[in-house]
Every structure is written in C-alpha cells, then in structure tokens.
Amino acid sequence: MEAAVFILSLVDCCALIFLAVYFVITLSDLECDYINARACCSKLNRWVVPELVGQALATVLMLVSLHWFVFLLNLPVATWNMYRVWKVPMGNMGVFDPTEIHNRGQLKSHMKESMIKLGFHLLCFFIYLYSMILALIND
Amino acid sequence: MYIAFPGSYAESLVNQIINWQCCPRSLYSPVNCPNFPPQPSAGPAQLSPSLSGLSLQSQTPEALRVVNLLQERNLLPLGPVTPPTPCLPQDLQKINCHPEVFRSTLTSIPQTQSLLNKAKLPLGLLLHPFKDLSQLPVVTSSTIVRCRSCRTYINPFVTFLDQRRWKCNLCYRVNDVPEEFMYNPVSRSYGEPHKRPEVQNATLEFIAPSEYMLRPPQPAVYLIVLDVSHNAVETGYLDVVCQSLLENINALPGDSRTKIGFITFDSTIHFYNLQEGLSQPQMLIVSDIEDIFLPTPDSLLVNLNECKELVQDLLRSLPQMFGKTMETQCALGPALQAAFKLLSATGGRVSVFQTQLPSLGVGALKSREDPNQRASAKDIQHLSPATDFYKKLALDCSGQQVAVDLFLLSSQYCDLASLGCISRYSAGSVYYYPSYHQQHNPAGVECFQKDLKRYLTRKIGFEAVMRIRCSKGLSIHTFHGNFFVRSTDLLSLPNVNPDAGFAVQMSIEENLVDMQSVSFQAALLYTSSKGERRIRVHTMCLPVVNSLSDIFAGADVQAITCLLASMAVDRSVTASLSDARDAMTNASIDSLTSFRTSVLTIQQPGLLAPACLRLFPLYILALLKQKAFRTGTSTRLDDRVFAMCQLKYQPLAYVMLMIHPALYRVDDLTDEGALNVSERTIPQPRVQQLSVEKLSRDGAFLMDAGSVIYLWIGRNCNPNFLTQVLGLPNYAAVPLNMNMLPELDTAESQRTRVFVGWLREQRPFFPILHVIRDESPLKASFLQNMIEDRTESALSYYEFLLHIQQQVSK
C-alpha cells in the first residue's frame, strides 16, 4: 500500500520534472530568438493546467497516506500554482501572455520560477525514491 | 541622392527647431537662432570641446544650480522648455540625432546599475522614428554596411581604425570596409569612407535591396469598416466620413496597385462587390455572424484606380442607404473577423468606425462602468480589458501585417479598455470623440473632419519591423507604445505612421567601465506606400559618467515625466491606480532626496532641486491631476482610458502639452521678441504659470493644451481686444460656443490669428479653439488645467511642495 503510493508519486514527480525541463527549454528558446512570443506562450499555456493537476495529485496522495512532512513540503508549490492561474487578469491570454512576456522582466522571472520548480521536483524525486525503497524493503 | 519632404507641416517643423536653444545644427536650422533673452532654463551644460572625459568642470554648471522650490515662484522658462545637450565633444554633438526624434531621460548614462539606482531616476529612451522630417538623406547603395556580429548599421559614431577597418560602437567588433564603400559618390573621391553620408548623418534612410524582403513589397490596401446601426446613423458621422473620403480619394498614399474595400455592419455584415464592369456597387449581406465567410473570393477589395467611379458611387450612396435603419444591435467582433479574413492575404490597414458597445456575436461586451464610481477617491476599477478576444485578434492581425485603427464616436460607455486592444497590439491608433453628434456638437464635427483628413493623407509604412540596439552592457526591459514585441528587441509594426511615439526602459547589465560613450540605434524597416522597401536608421550617442552630480546635470525632465507617465499607466492596469499615484509621488521624493543627500554639499532649509529638475514636482503634480490618474473628480471611464492610451502613444512634444498646457496672455500681444518666419511675424508671448492667480479680469488668456485650445476672456477685458480681435462690441456679446477668430483687418487680429495658426501648425492634429467666458460649459475643463491651484480633491502646487519637503527631510 505504502509502496504503491510512493510508486505513483514517483511517476507523477518524473512527469513534473520533464514538464519543468520543457518549460525551461521553451523559455530559453524564446530568449535566444528561436521561436516567437506567440508560439512560446501557446505551447506553455497548454501545460499550465496539467502541471497544476499533477502537483495537486502528488499533494493529495501525500495527504491521504498521512505523510505530513512531505505533504507540507508539496503544499506551497501546489497553492502557488493555483494562485498563479487564479490571478490571471481577464484580458490576458493565460498565465503566459505573449504581449506582456517581454515587459518588466517577466521572461526572466518565469525562467527563475521554472528553475526553482525543477530543483524542487528533483528533491522530491529523491525523497519519494528513498521512501519507496524503504516501503518496499519493509514489505 | 538627397530627398527633402515638402509640405507646410514639415516647413513649420524647421521653424520649431529654430527655437531649440542648442548648438546650431547645420542639418536642421538654416536660419540663425533668434535673439532670445537669456533664460534660467535647463540650458546645455557648458563644456569646452576638449573635455570629453567623465566629469564636468569644477564650477557648477547651469544645470546643477541649486533652486529652492519653496521660494522661487517663476520656474517656467519664457519660451518652450529646451532639452539638455549631451556633454559630448562638439564635433560629435553636432551630428548627434535630433532630440525630437530620439531622446533619453538621462543624457549622461551612469556607469553602473548601482549608480543609476542611487540617482532614483528612470533610464529610458523616447523615440519618434517615423516623424515627418523636412530634410532626410536617402541613400541608394548596393551594399548596406553593417557590423558582422550585432548587425548594427554603420553610423557617425563608429571609429575607423585605418582606411580599411571600422570598429562597431555597439559591440566593439572590428569589421572590414567593403570596396564599394571606399568610393564617395557625393564628393566623387576615393579612400575617404568617413565622408560618406552614412557616416555623416545620424538620421538617414536606405533603400533596401531584396534580402530585406520576406515577400514582394505589398501594395497599399485600405479597408473601411463602418457601423451603420441606428445609433450610428443618428450621430451623422457617416456623412462626414464619406465626404472626407470623396475629397481625399486621390490623396491616399499609394501607387497604381492601391486597393480599397468597404464593410458595413449592424447586426449583420455587409460586403460590397465593386468589380469593374458593374453598373453600381452590389451589397452582399452575410447574416450568419457565428461563422463569418467571405461571399465572393475577390472583387471585395478592388484596385482603386480601376474602379474609382464605383467607389465614388458607393461613397455617395452610403449615407442614404442606411438613413432609415432601425437596427440597434452592433456586431463588431464578427465584422473585425471578416476584415481580417479579407486582408490576411496581403496585409494593410483597417479603419473601424464604432459608435456603441458591441452587443452581438463574439467579442460582445457588457457595460462595466458604474456612474457612481466616477468620482471615487479610492481605486478605479475596470481599467484592464474584459476579454482577450480583441487582443488575440490583434495578434492574428499583426502576424498577417494588418493594422486596425479605431475611431470611437460615442456618447455612452464603450469599454475602450477592451476595444483599444485591437489597435494597441496591431500598431494601430485610437481616435476618440465623446458625444459626437452632427447637430449638438459642431466643434467635434470640425475636429473629426480635420483629423480624418490628416489620417487619410499622412505618410504610411506597411509591414514594418523596428529594432532598437544598445551598446554592450545596456539592455531593454520594457516597451511602451502600440506594437507587438515579437522577440527580445524586435517590434512588429504592421503599419507605421508619423504620429506614433514609442518609449523603452533600459537597465545596465554590465558595468560600463572603460567606455567614454554609449550609442543607441533604432532601425525601422518598412515598405513605403509606393512599394519600396526602406530602412530608416536613427543613431544617438551619449557620454558615460560615474558621478551622481553629472547624472543629475544631464537629466531631461520632460523625458523623465513622459516615461514615468507610461510606467504609471502600466502600473494602474496591472496593479491599481492608487499604487501608480503613489509611485509617481515617490519618484519625485526619491530623486530630490538623492540629490540632497548625495550631491548637495551645503545643507540649506527648503526644498532644494537642481535647475534641470526644478520643474519635476510641477510635472508630477500635473500628472496626478491629469484625466488619466485623477481621483475625486468625476471622470468617465472611457475618457480616462483614452487619456492613458494617449499618454503611451503620443510623441513627447504633444504629451507634454497634454500634461502641462501652455498659458499665454494674448490681449496685449506685441511684436517684441517675435519670430520672423517666411515673412510672417509671429508674436512670442511669455509662458505663464497655470494658476488662476495669473488670470486677470481685464485680460484674455490662451491655453494651449495640445488637442484643444482655450481662449479665456476676462470679465473686464480690454474692449480694444473684444472689438479688434473678436469683432464683438462688449463682453456680454461673446457667444457661449464660439470656435473661430473672425478675420478682421486690424493689426491685433492679425497678430492673434498668426499666433494661433503657428501653434496649430506645429502639430499634425487639429486642435479646436474654444472661446470661454464666465458661463461657458467648458469653463470647468479650462479651470481643471490650472494645475497649481487647490481643488476639493487635490493639493495646490505649494501644498504639494510642502508635502514633498516633509518626506525629503525625513
């Protein structure tokens, strides 16, 4: 049971890592002029809600299986994701808006955010891996 | 090889340039500067040509002269405020880009970002790249010399290492001079590449070869989209538009390939088949607005020259066609989609005339304004768009080189915050005529007519892109203006017009050590209306300094104010209006605090400012009382949003007039100190402070607020003025809505008319003249421009200064 939970979270975390890497690559493509703002933003906006769902799933899994520390670790990121989507003004085309992305250093702040999430997911990955192995051994 | 642009507007531009109190520039001022009385204004920091280093001379230059704002009352210069001259060696400054085209908020660039942060002044550039110029060198050359790595165009500020190599002033790479460049066709000499026009002019235009085209240059394509609902026909705008088009149909910029088309809409979309050979225009109605399609594949957009009679027939019959309409709905969204479909193959310009809130189909908007909140002293809501439909459509249009210009002629709320997006991101322009009606508002009708004439006949560039490059170490982080930022420094402008201004904010990424000066280049690649691909290049060079006092000495207060206004508009939309207001007040407090703590050696009581920034608190107060940012006074939401659009879109000169109108006393105009321009003597009255204290009952005052001119007549006005200039026997005979000065034969009338005409010539739009007396309905708007006075909801200038002083001394 424990092991199953952790295996699921591990897979979820892998997916989130790949997604974070995809975000970083797309944003740096935009910075280096390989794609234009509109293409970049439509690509990224597609994956905002799946990322939110994936992170929420991991958080809920930890809550349901009563692993409080890991739950509390995941909670800020999940709430931040939800806040980010909720805070989008009505006139904007999603979290990544092509008309605003080059203003006020938004490109840099999005890049930083994605890098931080990547680091966080890597950390979580090792936590889940370790816990999964522990759970499998104890079974 | 040199082409000059004639025209009375361009001519008057030369006249205006004469007024700049700068070093004489051989390119722009063929006439000597007039004998101005010495002004205590922000004059050029006097620097001997031999000093090209980082610090100024030991004596305080004029720009840093300390002014106690609480004590000195007369801060305004006698004439227009002149921009500061950068402290470059005179031979470089002589060829530097003209400040009307390219201007920086700080004419001495700080060496490091921390130094810039200490000065607490914004660093940015304000550009007017497509301005109508009277003298523009045009170069047709088989090779356009550019730097190999950063692709900068060769400019007057590069260094030639020897005859064959040149060093780029933006990335410092050494390039080779191509063989063709060694020959100078102007002087027919060989071996002097630095004498070529590309290296002698900071502003010039290249004819671009085919490598600069993604597709063959497009023809001029114009599409007129008209609202013909009952409300629209009521206002009578259709007559004016059709009449104006008929009059100007031969003056539309273009060549033999020019195309034109029309769409009208109410609750359905109407297309017009103008195929050559038809006896009269054929109207095709598409009522399925959920899924717009084009009824015929061609002949909706026709060649203007071939089908001119049909087009003229259509324009004559349009007003009558819809004279009895009873349709009240308005399907703007589908009409715009239809327009986009029609133009997406070629690109071009769409002119949309709208008179009410779009109520049908995709993009329908609801009325969001709450009339009770107009005079709210706290936050104003609904400044951002309600839907992303118009933004998305604008981006689609931008991708297909279609620009949409919006004319809003409405008396009710139209949600300009959402509708404006269609122009903002497709590089179009927004025109707003509140309460337009042909009978109730004849002054508005005249304004619309003149604006329409300018709009139809002005120069236009199609499928344009602009790139702004800076020296290594500087980078651009925010853009202001109507365009779409396609990638880091590439602005996509489907249409570029001579009345658009742009601004950018910069930051210093790497410390600018070992650099005496930095350069900026704006390159605008466009297709002219005659189908020629051209590149207009402007280059500006500014010195680098490493002391705070030098930074303050080079501060350009008008540019700083305009950039702050654009930043405040952004902040109002993304955060809140009160945030933006606080940020503006803090800008003046912080910069004056920084001056006091870091630059001033002797601490004196009072509010001390350098002479170059003495007008800064006044301009900030003017911004706080501007329609865009004011609270506590009833302001319609559309008016406010339009003021915000204008603050971001207009070039600097007109924004400054909008923010701080110029007040002159005109009942005693004399020829003393007058300008002599093309055999006319233009009186130059002194600019007064904007306070009712300066108005006197026995005088007449003229206020130039950019888009409108007020002529206020005092109750005991000199009867001489009334009879000689206005042609009226006494004050009681002044009508409530007089808009014209009669052409009387007297000297006073001549002088006044020449003065007003001169003011009007200096701008491309037509400001209406309103004559105001005590009971005039416009008296309130006239008095609202009296910035230095106290009102129920805002501080007077003196109180504002006291508030700032309190914060600075903390």
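Just the heavy atoms: all of them, side chains too, but no hydrogens, waters or symmetry mates, feed the values below. Residue numbers start from 1 in every chain, and the chains themselves are labelled A, B, ... in the order their sequence lines are given, proteins ahead of strands.
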Run the salt-bridge test on E51(A) and R46(A) with the 4.0 Å N-O cut-off and return the result as yes or no. no
For F389(B), the ring pair (Phe, Tyr, Trp, His ring centres under 6.0 Å) test, sequence neighbours excluded, returns none
Tell me yes or no: between the side chains of [X] and [Y], is some donor less than 3.5 Å from an acceptor?
X	Y	value
T112(B)	N511(B)	no
K648(B)	N482(B)	no
S429(B)	D405(B)	yes

Answer with side chain, backbone, both or neither: which region of [X] has an atom nearer than 4.5 Å to a non-hydrogen atom of chain A?
X	value
F479(B)	both
T387(B)	backbone
S418(B)	neither

Sort by residue number and list every member of residues 87-106 of chain A having a non-hydrogen atom under 4.5 Å from chain B.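 Only M90(A), G91(A), N92(A), M93(A), D97(A), P98(A), T99(A), E100(A), H102(A), N103(A), R104(A), G105(A) of residues 87-106 of chain A have a heavy atom under 4.5 Å from chain B.
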Aromatic rings Y83(A) and W86(A): how do their planes relate, parallel, tilted or perpendicular, breaks at 30° and 60°? tilted
Check: F483(B) ring centre within less than 6.0 Å of F502(B) ring centre: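 Here the rings of F502(B) and F483(B) have centres that are less than 6.0 Å from each other.
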Leading residue by heavy atom contact count with chain A [cutoff under 4.5 Å; candidates S384(B), A417(B), S487(B)]: S487(B)
Between H480(B), K391(B), R424(B), H477(B), the one whose heavy-atom pairs under 4.5 Å with chain A are most numerous: K391(B)
Cation-pi check for Y153(B) against R146(B): NZ or CZ below 6.0 Å from the six-membered ring centre and within 45 degrees of the axis, yes or no? yes
